[in-house]
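Numbers restart at 1 for each chain; the letters A, B, ... are given by sequence-line order, proteins then strands.
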Protein chains: 2
Amino acid sequence: MSEDTMTIREMCDAYGVTPRTLRFYESKELLFPIREGQRRHFTKSDRARLKLILRGKRFGFSLEEIRQLLDLYNVGDQQETQYALTYEIGKKRLADMIKQRDELNEAIDDLTAQLAWGEKMIASFSMKKAANC
Amino acid sequence: MSEDTMTIREMCDAYGVTPRTLRFYESKELLFPIREGQRRHFTKSDRARLKLILRGKRFGFSLEEIRQLLDLYNVGDQQETQYALTYEIGKKRLADMIKQRDELNEAIDDLTAQLAWGEKMIASFSMKKAANC
DNA sequence: CGTTACATTTACGTTAACGTCAACTTTCCT
DNA sequence: AGGAAAGTTGACGTTAACGTAAATGTAACG
């Protein structure tokens, strides 16, 4: 009847994760599938949460951070202060990401320069070889 | 006499690492301090390498990747084939970094959009408050 | 009713980069 | 001589996010 739920396999296929991952998330209280006997049934709410989890991961949040964010997100009729808190966490994370990207860009430039120098070296090897002929 | 070297403690103080870290790096063949009996003595070369290691870490390289890159900086008396090999490693690593940066940029854009939405939410809270007055 | 397919729980394994003892040895200082 | 200070080598502990294997359960198909 309540075919609003999905089996573990359907979830895995839909979101590209493994069963182990879903059980793990449940054990960490990130998901709360309902049980029919032993079997898990993932609700619409679980799917929404999973989407947020995966997105959070792409942003570089840890599962524990994500759990806290989901909790805040979930108080339903959130209070302004709680929401603002979530917002602040997100802003901090964004700042970290931007810093990380900038550092990465620096490293890319450095390594590019280093490789250019390497090309010269290799060229000089060729010269030497040519000279020996 | 050869006071061009530093003890482990001096290294730790100079670069903000622990003795364990330096010994660990040595065991991983990232550093090659000379020995006087048991004691380690870190040379100028070790210091240069350590600087590069720490920079690499800030950029998110693994120690193993750093070890390979250090070889690139170290060419010295390498043969051409070996040099070409390290060069290829560097190029691959650069490609990875660029990909990583692009992904990071995507995530940054996503999160930025998300935060913009969050600001609207917070604004609506304020509206509600104002309305209740 | 037997087999095949999928689920479940339990629990140990994995990787990286060190931390944290423990048990010595060596050195310097008084 | 005696003791603190600093150094050394094992070797086991830690964290995150699952992987993987074993033993068992159960549901559907033919």
Side-chain angles (χ1 to χ4, degrees), chain A residues 1-3 5-43 46 49-70 93 96 100, chain B residues 1-3 5-43 46-47 49-70 93 96-97 100 103 107:
Chain A
M1 313 307 182
S2 96
E3 261 322 312
T5 70
M6 288 169 67
T7 79
I8 202 169
R9 190 96 292 275
E10 288 167 341
M11 286 290 279
C12 292
D13 294 346
Y15 297 97
V17 296
T18 71
R20 179 68 178 94
T21 299
L22 294 177
R23 296 189 193 110
F24 181 71
Y25 288 170
E26 183 186 2
S27 79
K28 292 289 176 179
E29 305 197 294
L30 290 161
L31 298 177
F32 307 92
I34 55 182
R35 295 304 186 96
E36 190 189 344
Q38 296 249 85
R39 262 70 178 208
R40 289 167 175 83
H41 288 286
F42 295 86
T43 69
D46 288 317
R49 293 172 75 91
L50 182 54
K51 275 184 210 166
L52 291 174
I53 292 169
L54 296 179
R55 206 178 56 172
K57 289 197 60 181
R58 287 210 327 277
F59 292 162
F61 290 94
S62 74
L63 289 184
E64 174 56 20
E65 285 170 335
I66 292 173
R67 195 184 59 74
Q68 291 175 18
L69 290 180
L70 283 178
R93 192 84 259 286
D96 284 356
Q100 194 185 331
Chain B
M1 313 307 175
S2 96
E3 259 322 314
T5 72
M6 289 171 67
T7 80
I8 201 169
R9 188 97 294 277
E10 288 167 340
M11 286 290 280
C12 292
D13 294 346
Y15 297 97
V17 298
T18 71
R20 180 68 179 94
T21 298
L22 294 178
R23 296 190 193 109
F24 181 71
Y25 288 169
E26 183 187 0
S27 79
K28 294 288 175 180
E29 306 197 292
L30 290 161
L31 297 177
F32 307 92
I34 56 183
R35 294 306 185 92
E36 191 190 343
Q38 295 250 86
R39 261 67 179 206
R40 291 167 175 82
H41 289 287
F42 295 87
T43 68
D46 288 317
R47 289 182 313 259
R49 294 173 75 91
L50 182 53
K51 275 185 209 164
L52 291 173
I53 293 169
L54 296 178
R55 199 179 63 169
K57 290 199 57 181
R58 288 207 322 277
F59 295 160
F61 289 92
S62 74
L63 288 185
E64 174 55 19
E65 287 169 333
I66 291 172
R67 197 182 59 73
Q68 292 175 15
L69 286 180
L70 280 179
R93 184 55 210 162
D96 284 356
M97 286 167 63
Q100 192 185 331
E103 284 174 2

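For the pair A:Tyr25 and A:Arg39, nearest-nucleotide mapping onto DNA chain D gives the more 5' position to A:Tyr25. Both B:Arg9 and B:Arg20 sit near DNA chain D, but only B:Arg9 has its closest nucleotide nearer the 5' end.
Rounding to whole angstrom units, CD of residue A:Gln38 and C1' of D:dA27 are separated by 13 Å. Atom CD in B:Glu29 sits about 17 Å away from atom C1' in C:dA17, given to the nearest Å. At whole-Å resolution of the value, CZ in A:Phe24 and P in D:dT20 are 15 Å apart. When the P atom of C:dC6 is taken as reference, atom CD of A:Glu36 falls 18 Å away, rounded to whole Å. The CZ-C1' distance, from B:Phe61 to C:dA17, rounds to 17 Å in whole Å. Rounded to whole Å, the distance from CZ on A:Arg67 to C1' on D:dA16 is 15 Å. Counting to the nearest Å, the P atom of C:dT8 and the CD1 atom of A:Ile34 are 13 Å from each other. Separating the CG atom of A:Leu54 from the P atom of D:dC18 is a distance of 9 Å, rounded to the nearest angstrom.
Side-chain N/O atoms of B:Ser27 include none lying less than 4.0 angstrom from OP1 or OP2 on D:dG10. Within the 4.0 Å cut-off from OP1 or OP2 of C:dC18, at least one side-chain nitrogen or oxygen of B:Lys57 is found. Contact annotation: B:Thr7 reaches the phosphate of D:dG7 (side-chain N/O to OP1 or OP2, under 4.0 Å). Here B:Thr18 does not reach the OP1 or OP2 of C:dA17: none of its side-chain N or O atoms lies under 4.0 Å away.
The A:Arg23 side chain lies nearest to C:dT9 when the options are C:dG19, D:dC18, C:dT9. For B:Arg35, the listed nucleotide lying nearest its side chain is D:dT8; candidates were D:dT8, D:dC18, C:dA7.
Using a 4.0 Å heavy-atom cutoff across all strands shown, B:Arg40 reaches sugar-phosphate atoms only and no base atom.
Here the shortest heavy-atom pairing between B:Phe42 and B:Arg47 reads O-NH1, 3.3 Å. Across all their heavy atoms, B:Gly56 and B:Ile66 have their closest contact at C-CD1, 3.8 Å. Of all the heavy atoms in A:Lys28 and A:Arg67, the pair that sits closest is O-CD, 3.1 Å.
Of the candidates B:Ile53, B:Asp46, B:Leu50, B:Leu30 forms a side chain to side chain contact (heavy atoms under 4.5 Å, CB included) with just one, namely B:Ile53.
In this structure a side-chain-to-backbone donor-acceptor pair under 3.5 Å is missing from B:Asp96 to B:Arg93.
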